[in-house]
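For the numbers below, each heavy atom of this structure counts, side chains included, while hydrogens, waters and symmetry mates do not. This one's a predicted model, so the numbers in the text were calculated from it and none came from an experiment. The chains referred to below are lettered A, B, ... by the order of the sequence lines, with proteins before strands, and numbering in each begins at 1.
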Number of protein chains: 2
Amino acid sequence: MSQKRVPVAVDAVHCATCMMGNVCLPAGMPNHEVEQLDQLVKERIKLKKGDILYRSGEKLDALYGLRLGSVKSQLEEATGQVQITGFFLPGEIIGLDGMLDGEHGTNAVAMEDSEVCVVRLKDIDDISRYVPSLQQQVRRVMSKEIARTYQVMLALGSMRSEARLAAFLVNLSQRLSALGYSSTDFIMRMSREEIGNYLGLTLETVSRLFSRFARDGLISVSQREIRILDMEALEELAGHQAS
Amino acid sequence: MSQKRVPVAVDAVHCATCMMGNVCLPAGMPNHEVEQLDQLVKERIKLKKGDILYRSGEKLDALYGLRLGSVKSQLEEATGQVQITGFFLPGEIIGLDGMLDGEHGTNAVAMEDSEVCVVRLKDIDDISRYVPSLQQQVRRVMSKEIARTYQVMLALGSMRSEARLAAFLVNLSQRLSALGYSSTDFIMRMSREEIGNYLGLTLETVSRLFSRFARDGLISVSQREIRILDMEALEELAGHQAS
DNA sequence: CGGACTCTTGATCCGCCTCAAGTAATGTGG
DNA sequence: CCACATTACTTGAGGCGGATCAAGAGTCCG
């Protein structure tokens, strides 16, 4: 629990000057409106690897924009079942579930040293009085999350294991590419077990699939370092259903 | 395509007098605010069984509150894969995905003769100027949908088939009960195949499970008519994970 | 250098899918 | 209302994909 809350200095980076401005909450907003968001983020939180941003059941009064690092969110049932519901990269918004009863429904854990912008719901409502499109942005982000989970449902419900992992890699590649990183060479921040949990597979199956993909010349793998050698083949695989 | 659009007469039922008022979009709003929503729904759509409310790719400019009947939404990939992403009951909101680029990402199909209230996004934004809590309600509904899909991810990712179906029945029972229907006796509007698709199983497996649950005295089944005989046992089953 | 993870790989097993056949419900046109 | 077609569901037999169990290798970190 080494969460460190830091107030945002008056002259510090705001949304208008943040490098994530084009992918984060303000994505697509006209410049003159983004400039009005300078009071939106009054605080940031620095997280060390393994730190918990929030726990299921805690009161929710803010969303978090990931600025740096990576975070996973996971659902934990009383029965002991755990399901990772998402891996978040910089520019993505964390904490969208649980706004119905004001309580988080998942845990959010930093997968490496990370930093998030705290966006209080109260401030969203206040600011959207004079920046009406802000509400639309929030809806947009939530809608995007819903669309993402539908894709995961499709993967879990009707793809064979190799298609799931291929789709996972292609998706990760695209998101990293949108952030300006290489789309073919990257480091996965998650373990085999976490990937397996997310995709409804065991860690052994994930490991075997990585080996097979490598043997077939689709990728090369060294621990969590991935190089995609044949993107087309991966996309082809990802498009194949169970039967 | 026998969609029938009907304008809402000035003296017709509005949110404040609608029977669904306590479960639909206005759920939890104070009465004096619900009364201000009389301009929110200017149109309703009557659907016959099999009618399509919207198709993937169509422009989205409204949400739909289901007033009567039942509707399924399904993701269709170019590859031919189909995944049912939700079964909607009266009082539930349809069309929450696809608000990011203004296009629906799924198809919505009536599973029986149904009727929906059309809630235009423009009207939401207009009305929320003088009813600020309306935006929170929209967030709430979207957040609830996200939380629901997380539960489905858990089911698809780490439950065995009998746990999935048990959880499905318990969930359906609870939602029907909240609508004032019996929690133990109801008719499922969906086919074995649709249930199977939603739960990531084949129709044969679903059929076998129904038979087994009946043989074990948990339920009695006659086609789509279900009677739950041992709710506790079902809940117990639903809480069991794969291993 | 030791100890704890994380990952890989093999052998075996089982849950669910596939394929197949038959029965029951529902719909349709005469 | 009946004959017929169509669709929905049930049940069985067999096969396979991924889980489980188990052992060993590589990597990280004190």
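- The side chain to side chain contact (heavy atoms under 4.5 Å, CB included) check on B:Ala155 picks up B:Met159, B:Arg164, with sequence neighbours excluded.
- Looking only at side-chain heavy atoms (C-beta outward), B:Val141 and B:Leu63 stay at 4.5 Å or farther from each other.
- The nearest whole Å value for the distance from the CD atom in A:Glu194 to the C1' atom in C:dC5 is 13 Å.
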Dump the pairs, protein N or O against N or O of nucleotides 14-18 of chain D, anything under 3.5 Å, distances to one decimal.
{"from": "D:dG18", "atom 1": "OP1", "to": "A:Ser161", "atom 2": "N", "distance (Å)": "2.7"}
{"from": "D:dG18", "atom 1": "OP1", "to": "A:Ser161", "atom 2": "OG", "distance (Å)": "3.4"}
{"from": "D:dG18", "atom 1": "OP2", "to": "A:Ser161", "atom 2": "OG", "distance (Å)": "2.8"}

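- In this structure, B:Ile195 places its CD1 atom 12 Å from C1' of D:dA8, rounding to the nearest Å.
- Judged as a side chain to side chain donor-acceptor pair (under 3.5 Å), the pairs with a partner in residues 214-230 of chain A (not counting sequence neighbours) are, in order, A:Asp185-A:Arg227.
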Check the interface with nucleotides 21-26 of chain C: list each N/O to N/O pair with the protein under 3.5 Å, or write none.
none

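- The phosphate of C:dC5 (OP1 or OP2) has no side-chain N or O of A:Ser191 nearer than 4.0 angstrom.
- For the helix from C:dC1-D:dG30 to C:dG30-D:dC1, the axis fitted to the five pairs at one end and the axis fitted to the five pairs at the other end meet at an angle of 60° (nearest 10 degrees).
- B:Ser73 pairs by the side chain to side chain contact (heavy atoms under 4.5 Å, CB included) definition with B:Thr85, B:Phe88, B:Thr106, not counting sequence neighbours.
- Applying the side chain to side chain contact (heavy atoms under 4.5 Å, CB included) criterion to B:Glu112, with sequence neighbours excluded, gives B:Ser70, B:Ser114, B:Arg189.
- For the side chain to side chain contact (heavy atoms under 4.5 Å, CB included) test, residues two or more places apart in sequence or in another chain that qualify with A:Glu194 are A:Lys72, A:Ile84, A:Phe87, A:Met111, A:Met190, A:Ser191.
- Atom P of nucleotide D:dT11 and atom CG of B:Leu209 are separated by 12 Å, given to the nearest angstrom.
- At least one donor-acceptor pair under 3.5 Å links the side chain of A:Asp113 to the backbone N or O of A:Lys49.
- Note: NZ (A:Lys49) to C1' (D:dC29) measures 11 Å, nearest angstrom.
- Shown here are the side-chain hydrogen bond (donor to acceptor under 3.5 Å, both in side chains) partners of B:Glu76, two or more places apart in sequence or in another chain: B:Gln74, B:Asn107.
- Qualifying salt bridge (Lys or Arg N to Asp or Glu O under 4.0 Å) partners for B:Glu204, counting only residues two or more places apart in sequence or in other chains: none.
- One interatomic measurement links the two molecules: CE of A:Met190 to C1' of C:dT6, which rounds to 16 Å at whole-angstrom precision.
- Atom C1' of nucleotide C:dG15 and atom CG of B:Leu199 are separated by 16 Å, given to the nearest angstrom.
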What are the atom names and distances for every N/O pair under 3.5 Å that joins the protein to nucleotides 10-12 of chain C?
{"from": "C:dG10", "atom 1": "N7", "to": "A:Arg208", "atom 2": "NH1", "distance (Å)": "2.8"}
{"from": "C:dG10", "atom 1": "O6", "to": "A:Arg208", "atom 2": "NH2", "distance (Å)": "3.2"}

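- Checked against salt bridge (Lys or Arg N to Asp or Glu O under 4.0 Å), A:Glu162 has the following partners two or more places apart in sequence or in another chain: A:Arg212.
- In the model, A:Thr79 has a side-chain atom that pairs as donor or acceptor with a side-chain atom of A:Gln81 under 3.5 Å.
- Counting heavy atoms from C-beta outward, B:Glu145 and A:Glu145 have side chains that stay 4.5 Å or more apart.
- Whole-Å rounding puts the B:Phe213 CZ to D:dC9 P distance at 17 Å.
- Once rounded to the nearest 0.5 Å, the distance linking CG of B:Leu53 with CG of B:Leu47 reads 5.5 Å.
- Spacing between atom CD of A:Glu225 and atom C1' of C:dT6 amounts to 16 Å, rounded to whole angstrom units.
- Looking at A:Tyr64 and A:Val71, their side chains never come closer than 4.5 Å, going by heavy atoms from C-beta outward.
- OP1 or OP2 of C:dC7 sits under 4.0 Å from a side-chain N or O of A:Arg224.
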